[in-house]
A.B. asks: 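Please find one structure pasted underneath; my questions will follow.
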Amino acid sequence: MIQIEGLQKVFNGVTVLLDVNFEIQDGETTVIIGPSGVGKSVLLKHLCGLLKPDAGRVLVNGTDIVPLSERALSPIRKQFGFLFQGAALFDSMTVFDNVAFPLREERKFDEAEISQRVEEALVIVDLFDAKNKKPAELSGGMRKRAGLARACVARPKYILYDEPTTGLDPILADNINDLVLRLQDHFHATSVAVTHDMVSAYKIANRIAMLHEGRIYAVGTPQEIQTTTDPIVRQFITGGGSTQEAKHGAVSIH
Amino acid sequence: MIAVLPRFKAFLMAQLEQLGGILLLLLDIVKTLFSQRPRWRETTDQICKIGWQSQAVVLITGAFTGMVFTVQTGLQFHKVKMDTAVGPVVSIAMIRELAPVLTALMVAGRVGAAIAAELGTMKVTEQLDALRAMGTSPVDYLVLPRFVAMLVALPLLTAEAMAFGILSGSVVAVKMLGIDGAYFWSNMIKFTAANDVVGGLVKSVFFAVFIALIACYKGFNAREGAEGVGRATTQAVVVSSLTVLIANFFIAVLYNAISPP
Ligand SMILES: Nc1ncnc2c1ncn2[C@@H]1O[C@H](COP(=O)(O)OP(=O)(O)OP(=O)(O)O)[C@@H](O)[C@H]1O
Ligand SMILES: [Mg+2]
């Protein structure tokens, strides 16, 4: 379980996170939504200590990770997989070596086993043919998928996804949604996904949380979020237009 | 006048902060050196990149410095009929000063810049964060192999520059200046002590530490974007070159005090 208590983060005088209080339950997939620039990526980076808050606590399995040094964080971070918004692949390595990296760092698998698990992961994200390419030779969506394979390959307990389906076509996006669900079912992974893609959010989420003005503004099941009457949430999930207009538009088709 | 003082204070604070950051990095390197398993593959890769691939540059630098130094001293010494002293003068100058300093400057330009640019790019594209997120310390994975490789490579490159400087100097002395080869070599060997060679190599060890530390520090602290990486690279070269030149004086004085020539 990850508990976030009173999290505050200020960048050069600009308060990005004001007071975030939130719990992420084990075995669940939590989706964080919110407009661009609201601080979703910043929040995600606090969960494994990549950023240090100005105030507040982040408890991972009951341990406050905020005061920990980089060295002390290392074993905790090994329980995490992180998909960065820009994929953050190592550009000196091939796709294969990127995905193999977390396994090699664990130093408990031999090359044959690593090779098998990496190839398995690459097949799932549909990148098997690109395994010997360097990140510079890939499209944005391909990089995203390679980053996804790297985040999941060691089957971490917690997986943090920063916009897993952005930049992918609908079919691939749906494959990624299935992958997230499968990791949850088979390996009981706890996932936190940041996304703008409401279709994906409804499909993968057990709970959806909306970040707004530095706070978690609303939390609920996909059902609850979908049927909420709160104007701010409604505006975000329907993309600005009111429900009335949306219905009206649908009617005018025939 | 009034505006100058706070600005000078800010400048001084920034420099001190930087120095503190570099010392902390050194501390982290030493701690990591004794706590983590050595990364042989990354280290040998870096030795190859830093050492092997810098050889051409360093050899040309050493050779032509030795040659021009021999020509100039040879012509001057000829006026006072001291042609036979050219050998020792060239060899001492190469071994104690020219080879260590010029090699360090060439390596700072070639390798220091590359390290700062590589690490800076990794910083701004979140690759450093990706490493940290996987529980791998960037100091362990990136800095330590470069640091060790620099410590291995720079003294070797310096020794090569010394040898090539003296060798090409002797060729110039004999073929161009008409100095007797036997005199050149015997005088040179007579007046060059092991102490001098050790002094030169000790310097290069210090220079290796400075270049590696400054380049890694500048890379890690690059600001966002291409401009930030560019600035980090320039600063890495300028700061490490100046550090080499300034430290050279103090190390020389200190070494002479400890082990008089
Ligand atoms: N390292 C940083 N230094 C300074 N400001 C930062 C830093 N990282 C993020 N910010 C600021 O924090 C705010 C939130 O950024 P963040 O990347 O979390 O947004 P986001 O919600 O993920 O947006 P998007 O959906 O576009 O990815 C932005 O205003 C950004 O400028
Ligand atoms: Mg973001």
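A quick note: this is a predicted structure, and the numbers were derived from the prediction, not measured. The sequence lines fix the lettering, A, B, ..., with proteins before strands; numbering per chain opens at 1.
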A.B. asks: Which heavy atom in B:Gly135 sits nearest to a heavy atom in A:Ser74, and how many Å separate them?
C.D. replies: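 So the minimum-distance heavy-atom pair works out to O-OG, 2.7 Å.
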A.B. asks: What part of B:Leu128 gets closer than 4.5 Å to chain A, counting heavy atoms only: side chain, backbone, both or neither?
C.D. replies: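 No part of B:Leu128 comes within 4.5 Å of chain A.
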A.B. asks: Counting only heavy atoms from other residues, nucleotides and ligands, does the tally under 6.0 Å from CZ of A:Arg117 exceed 12?
C.D. replies: yes
A.B. asks: Can you name the residues of residues 36-64 of chain B that have some heavy atom under 4.5 Å away from a heavy atom in chain A?
C.D. replies: B:Gln36, B:Arg37, B:Arg39
A.B. asks: Given a strict heavy-atom distance threshold of 4.5 Å, which part of A:Leu73 is in contact with chain B: side chain, backbone, both, or neither?
C.D. replies: neither
A.B. asks: What heavy-atom pair brings B:Thr136 and A:Phe101 nearest, and what distance separates the two atoms?
C.D. replies: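 B:Thr136 and A:Phe101 have their closest heavy atoms at OG1-CE2, 3.9 Å.
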A.B. asks: Using non-hydrogen atoms and a 4.5 Å limit, figure out which bit of B:Asp140 sits close to chain A: side chain, backbone, both or neither.
C.D. replies: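 For B:Asp140, no heavy atom lies under 4.5 Å from chain A.
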A.B. asks: What's the shortest heavy-atom distance between A:Leu50 and B:Ala133, and which atoms?
C.D. replies: CD2-N, 3.9 Å
A.B. asks: Counting N and O atoms only, with roles assigned by atom type, does the side chain of B:Gln127 sit under 3.5 Å from a partner on the main chain of A:Asp91, one being a donor and the other an acceptor?
C.D. replies: yes
A.B. asks: Of the backbone (N, CA, C, O) and the side chain (C-beta and beyond), which part of A:Phe82 lies under 4.5 Å from a heavy atom of chain B, both, or neither?
C.D. replies: side chain
A.B. asks: Can you tell me which of B:Met134, B:Glu126, B:Lys31, B:Arg132 forms the most heavy-atom pairs within a distance under 4.5 Å of chain A?
C.D. replies: B:Arg132
A.B. asks: Inspect the surroundings of CZ in A:Phe90 and state if more than 12 heavy atoms from other residues, nucleotides or ligands are less than 6.0 Å away.
C.D. replies: yes
A.B. asks: Under 4.5 Å heavy-atom distance to chain B, tell me which part of A:Leu89 shows up: side chain, backbone, both or neither.
C.D. replies: backbone
A.B. asks: For B:Ser35, is it the side chain, the backbone, both, or neither that has a heavy atom closer than 4.5 Å to a heavy atom of chain A?
C.D. replies: side chain
A.B. asks: When only heavy atoms count and the cut-off is under 4.5 Å, which of residues 12-27 of chain B reach chain A?
C.D. replies: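 Near chain A, by residue number: none.
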A.B. asks: If you count heavy atoms of other groups shown closer than 6.0 angstrom to CD of A:Glu137, is the number above 12?
C.D. replies: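 Atom CD in A:Glu137 is packed in, count exceeds 12.
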A.B. asks: Under 4.5 Å, counting heavy-atom pairs only, tell me which of A:Lys45, A:Glu105, A:Lys78, A:Gln79 racks up the most with chain B.
C.D. replies: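 Heavy-atom pairs under 4.5 Å are most numerous for A:Glu105.
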A.B. asks: Carefully, step by step, assess B:Thr32 and A:Arg71 under the rule side chain to side chain contact (heavy atoms under 4.5 Å, CB included).
C.D. replies: CA-CA 10 Å; B:Thr32 310; A:Arg71 208 175 291 273; 3.8 Å; yes
